[in-house]
2 protein chains.
Amino acid sequence: MARIESTLVSVDVLTLRFDARARAVLLAVAPRGSDPFAGALALPGVLLGRGERLRDAALRAVTGKLGLDGSAVTATGQLATFDEPSRDPRGPTLSVALWATVDPAAPASGPIWTPPAEVPALAFDHDRIVADCRPMLADRLWRDVPFTAGLLGREFTTAQALDVTESLTGDRPYPANLGRTMDRVPGLERTEQHAAALPKGGRPPLVWRWTSTG
Amino acid sequence: MARIESTLVSVDVLTLRFDARARAVLLAVAPRGSDPFAGALALPGVLLGRGERLRDAALRAVTGKLGLDGSAVTATGQLATFDEPSRDPRGPTLSVALWATVDPAAPASGPIWTPPAEVPALAFDHDRIVADCRPMLADRLWRDVPFTAGLLGREFTTAQALDVTESLTGDRPYPANLGRTMDRVPGLERTEQHAAALPKGGRPPLVWRWTSTG
DNA sequence: TAAATAGTGTCTGTGAGACACTATACA
DNA sequence: TGTATAGTGTCTCACAGACACTATTTA
């Protein structure tokens with residue numbers, strides 16, 4: 001009962017980065033270099049090597065396909081597995097979708113960064129992967145500490161927290177309500193410091209800091 | 001850049017069935033027939049065939065490894081993917097864990113049915129899979145309609161709803177509170193009928209019925 | 001009648017969301 | 001001073017949980 005004909009596994013990564021200047025969370029896509037859909041935009045993905053961990057494959061995809069530094073990836077996690085047999089024209093391939101957060105302070109040249117809600121048409125079934133996974137990402141914010149900390153970095157302001165929440169959920173909470181939400185996030189501490197105000201003015205926002213998580 | 005050495009994918013199934021007589025949700029395990037861990041208890045699992053859907057592989061596992069009738073499976077869904085390279089002594093294998101619900105009215109001989117909280121030692125990393133997935137299953141109850149309907153069947157009583165909730169979450173809600181929870185489940189209707197009372201007596205519970213879902 | 005169990009009604013606490021009002025920046 | 005933004009304090013609503021009380025069964 002030797003079975004050689006197993007489905008190949010690819011790992012496709014929803015790489016998120018908070019761009020403080022753009023005041024938005026952006027998703028990385030890159031043009032494909034090789035044949036199926038060469039030149040078309042796609043999520044970074046690699047075939048899972050034998051014995052390779054999903055997280056390692058995701059790092060390989062972010063490093064190799066996006067050209068980012070692996071040390072800039074602050075956290076990763078699973079989203080879902082996509083199994084339509086026709087999703088890859090080369091033949092049946094399973095796709096395990098992972099998320100990865102990139103340090104907002106790290107250099108980010110290489111990939112094309114786009115708001116997750118306005119991703120251009122992508123290769124394979126990557127449009128569907130993005131559409132299916134977006135609500136899962138929104139659901140993680142403020143509930144999944146590694147995800148949230150990875151996205152916002154060690155220190156951030158209330159204004160940035162508002163921007164991130166609006167990017168992922170689609171609407172901007174009241175600062176007062178978001179502050180109370182953040183007060184309940186374990187490992188997140190409201191400091192006494194105020195950051196600089198925005199260019200347009202306004203009261204300087206508070207600084208928040210992670211205590212436990214890196 | 002031809003890559004042949006891809007990780008194999010297995011599908012392991014947490015098969016749940018509500019046993020009305022035992023008043024509990026039970027998980028199916030079966031002794032392994034072939035070599036790695038032959039004779040040891042394990043979750044039903046199969047290697048994913050090339051081009052095979054995860055759901056089809058899960059049905060194949062439930063049918064082939066547990067001896068259940070495929071038509072008794074009322075719903076399936078994804079849980080998580082396990083990627084420890086050493087989880088299978090034969091070599092690195094990815095395991096995609098799925099849940100499956102079995103019609104409580106269908107015959108269920110074949111597998112060994114055990115409460116998920118008291119599963120005996122299992123082969124591979126299946127103990128860990130069960131431990132990691134149990135909270136995900138509890139979380140689905142009353143929120144994931146296909147899961148809940150698949151587990152309870154087309155019609156059920158408040159008493160059975162209490163039993164199922166206690167089995168999955170670990171504590172028994174007050175009937176009044178569970179009734180209000182169920183009133184908010186879309187597609188679930190509180191009927192006027194009362195079922196027979198339990199052997200020990202007590203007020204006969206109400207009957208609930210799914211309207212939309214099968 | 002006693003024990004067991006379910007259903008109705010009520011109360012409390014928590015968390016989300018809306019909003020008035022205040023505080024503090026830039027132009 | 002006007003505009004923009006954040007922070008404080010309330011208010012309401014939805015929901016979960018606890019529980020008193022009532023209803024209906026078996027033993």
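Letters A, B, ... mirror the listed sequences (proteins, then strands); counts begin at 1.
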Keeping A:T157 on the side-chain end and A:L206 on the backbone end, is there a donor-acceptor pair under 3.5 Å? no
Residues forming a salt bridge (Lys or Arg N to Asp or Glu O under 4.0 Å) with A:D103, sequence neighbours excluded: none
Measure from CZ on A:R143 to C1' on C:dG15 and round the result to the nearest Å. 11 Å
For A:D19, what residues pass the salt bridge (Lys or Arg N to Asp or Glu O under 4.0 Å) criterion, not counting sequence neighbours? none
Which nucleotide in the set D:dT25, C:dA6, C:dT24 lies at the smallest distance from any side-chain heavy atom of A:R203? C:dT24
Are any of B:R190's side-chain N or O atoms less than 4.0 Å away from OP1 or OP2 of C:dT8? yes
Take the protein atom NZ of B:K200 and the nucleotide atom C1' of C:dA2, then report the distance between them rounded to whole Å. 15 Å
My understanding is that only residues two or more places apart in sequence, or in another chain, count here; which of them pass salt bridge (Lys or Arg N to Asp or Glu O under 4.0 Å) with B:R53? A:D83, A:E84
Between D:dA6 atom C1' and A:L162 atom CG, what is the distance in whole Å? 8 Å
Specify the separation, in whole Å, of atom CG of A:L198 and atom P of C:dA27. 12 Å
Would you kindly give the CG-to-P distance between B:D183 and D:dA14, to the nearest whole Å? 15 Å
B:L206 CG to D:dA23 C1', straight-line distance once rounded to whole Å: 12 Å
Could you identify which residues of residues 167-180 of chain A place a heavy atom less than 4.0 Å from some atom of DNA chain C, listed by residue number, or say none? A:Y174, A:A176, A:N177, A:R180
Rounded interatomic separation in angstrom, taking CD from B:E166 and P from D:dG17: 14 Å
For C:dG15, does OP1 or OP2 lie under 4.0 Å from any side-chain N or O of A:T181? no
Among residues at least two apart in sequence or on other chains, which ones pass side chain to side chain donor-acceptor pair (under 3.5 Å) with B:Q193? none
Show your working on side-chain hydrogen bond (donor to acceptor under 3.5 Å, both in side chains) between B:R55 and B:T76 and close with a plain yes or no. CA-CA 7 Å; B:R55 182 192 150 81; B:T76 60; 3.1 Å; yes
Give me each pair satisfying ring pair (Phe, Tyr, Trp, His ring centres under 6.0 Å) with a member in residues 94-116 of chain B, each pair once, sequence neighbours excluded. B:W99-B:F147
Heavy atoms under 4.0 Å, any strand shown: does A:A196 hit a base, just sugar-phosphate, or nothing? nothing
Pairwise 5' ranking along DNA chain D for A:A159 and B:P199, keeping only the more 5' one: A:A159
